2 protein chains.
Amino acid sequence: MTEPHQLAAAERLLAVDAFGTKCVFRPIMDQVTTRWATLILAALLIGPHRFSELHQRVGGISQKMLSQNLKALARNGLVAREVEPTIPPQVTYSLTPLGTDLAGRLTELISWFGRNGEELLRAQSDYDAAMS
Amino acid sequence: MTEPHQLAAAERLLAVDAFGTKCVFRPIMDQVTTRWATLILAALLIGPHRFSELHQRVGGISQKMLSQNLKALARNGLVAREVEPTIPPQVTYSLTPLGTDLAGRLTELISWFGRNGEELLRAQSDYDAAMS
DNA sequence: CAGCATCCGACACGATACTG
DNA sequence: CAGTATCGTGTCGGATGCTG
């Protein structure tokens with residue numbers, strides 16, 4: 001069952017005060033639970049990657065989105081960026097301890113979808129069939 | 001530590017074949033890890049809600065996004081929609097067993113942000129200070 | 001009450017081209 | 001190699017107004 005303190009955290013995130021001020025953590029969650037950020041963190045959980053390695057590993061991502069998301073993840077202290085000042089330059093991305101923690105939890109979520117994805121797809125077809 | 005089978009699930013999600021076909025589960029994850037879907041599932045974990053109750057509970061959401069996300073969640077078999085054919089009509093939303101499972105895991109994630117949110121904010125200011 | 005329809009702005013995202 | 005700059009498109013998401 002779900003723990004009470006977790007429900008409390010959820011309620012805090014749901015809350016909006018009388019002036020319409022939302023929880024300060026929402027923007028952060030938005031950034032990290034983006035399609036690409038999740039995949040990038042999962043990829044880095046495998047190990048440190050160069051930029052081009054990540055570009056290959058995370059299938060379908062554009063350079064723009066990759067660099068953009070990496071910047072956001074670095075800003076939030078989840079990803080460490082290490083530059084080797086050679087020519088051509090070598091940049092290695094790795095997870096910080098905080099990032100490793102989060103990436104592990106996100107990967108649990110991913111594996112949940114791996115386990116239950118078929119059932120979700122079945123529900124979709126049932127729903128669509130019932131609509132028509 | 002992260003389990004091997006979880007890493008395998010992650011790699012499956014990262015993969016793209018030679019024809020550019022992405023993993024079929026990605027669209028589903030995109031739908032469910034949306035800003036609003038996460039919050040709605042968390043709200044429903046507290047208990048079944050009417051439409052207007054959800055609208056109040058999930059602070060800042062518009063009617064449009066609420067109905068749109070509820071429809072998607074219902075289509076994926078995560079949320080059950082029950083209509084009482086009275087006048088005015090009463091519609092109650094609740095979690096299916098599958099939805100309860102997922103919502104619990106998402107709430108774990110939310111509570112992670114509750115615990116580590118301060119540190120993320122601190123990392124942001126450090127990063128911004130170093131840039132200027 | 002529980003919504004759908006419509007308009008509209010903002011931004012996510014991709015493709016392409018260019019730089020240290 | 002590791003990005004940045006620019007452009008164009010599509011979707012997200014809010015505001016408003018209307019219906020059974």
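Proteins come first, then strands; the chains are lettered A, B, ... in the order of their sequence lines, and each starts at number 1. Predicted model, so just to flag it, every value in this text is computed and none were measured. In what follows, every heavy atom counts, from backbone to side chain, and hydrogens, waters and symmetry copies are set aside.
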Q: Side chain of A:Pro88 only, please: which of C:dC4, D:dG13, D:dC1 is the nearest?
A: D:dC1
(Q) If I take atom CG in residue B:Leu39 and atom C1' in nucleotide D:dG13, what distance separates them, rounded to the nearest angstrom? (A) 14 Å
Q: Please state how far atom CE in A:Met65 lies from atom P in C:dA15, giving the value in whole angstrom units.
A: 11 Å
Q: Give the cluster check for B:Val24 versus B:Leu14: same hydrophobic cluster or not, with ILVMFWY residues linked at side-chain heavy-atom distances below 4.5 Å.
A: yes
Q | Worked verdict on B:Asp101 versus B:Arg105 for salt bridge (Lys or Arg N to Asp or Glu O under 4.0 Å) | A | CA-CA 7 Å; B:Asp101 188 11; B:Arg105 290 160 196 276; 3.0 Å; yes
Q) Just to confirm, is there a sub-4.0 Å distance from OP1 or OP2 of D:dC1 to any side-chain nitrogen or oxygen of A:Arg50? A) no
Q | hydrophobic_cluster_shared for A:Val83 and A:Val79, side chain cutoff 4.5 Å | A | yes
Q: Check whether any side-chain nitrogen or oxygen of A:Ser62 sits under 4.0 Å from OP1 or OP2 of C:dA15, and answer yes or no.
A: no
Q | Short side-chain N/O contact from B:Tyr93 to OP1 or OP2 of C:dC1, under 4.0 Å | A | no
Q: Whole angstrom is fine here: how far is it from CZ in B:Arg81 over to P in C:dC1?
A: 16 Å
Q. Taking atom P of D:dG3 as reference, at what distance in whole Å does atom CD of A:Glu82 sit?
A. 13 Å
Q | Side chain of B:Pro89 (C-beta onward), nearest among D:dG20, C:dG3, D:dC1 | A | D:dG20
Q: Please confirm whether the backbone N or O of B:Trp36 pairs with a side-chain atom of B:Thr34, one donor and one acceptor, at under 3.5 Å?
A: no
Q) Do A:Arg81 side-chain atoms and A:Leu70 backbone N/O form a donor-acceptor pair below 3.5 Å? A) no
Q: Have a look at B:Thr34 and say if it touches a base, only the backbone sugar-phosphate, or nothing, with a 4.0 Å heavy-atom cut-off.
A: sugar-phosphate
Between the protein and nucleotides 6-11 of chain D, list every N/O to N/O distance that falls short of 3.5 Å.
none

Q | Proximity to the side chain of A:Arg35 - top-ranked nucleotide from C:dC13, D:dA2, C:dA2 | A | C:dC13
Q. Just how far, in rounded Å, is C1' of D:dG3 from CD1 of A:Ile87?
A. 15 Å
Q: Identify the two heavy atoms, one from B:Thr92 and one from B:Pro48, that lie closest to each other, and give their separation to 0.1 Å.
A: CG2-CB, 3.9 Å
**Q.** Protein-nucleotide distance (B:Gln63, atom CD; C:dC1, atom P), rounded to Å
**A.** 10 Å
(Q) Name the residue from B:Leu54, B:Val58, B:Val91 that meets the side-chain contact (heavy atoms from CB on, under 4.5 Å) definition with B:His49. (A) B:Leu54
Q: Round to the nearest Å and state the distance from A:Asp30 atom CG to C:dA10 atom P.
A: 18 Å
Q. Rounded to whole angstroms, how far apart are CD on A:Gln68 and C1' on C:dC13?
A. 8 Å
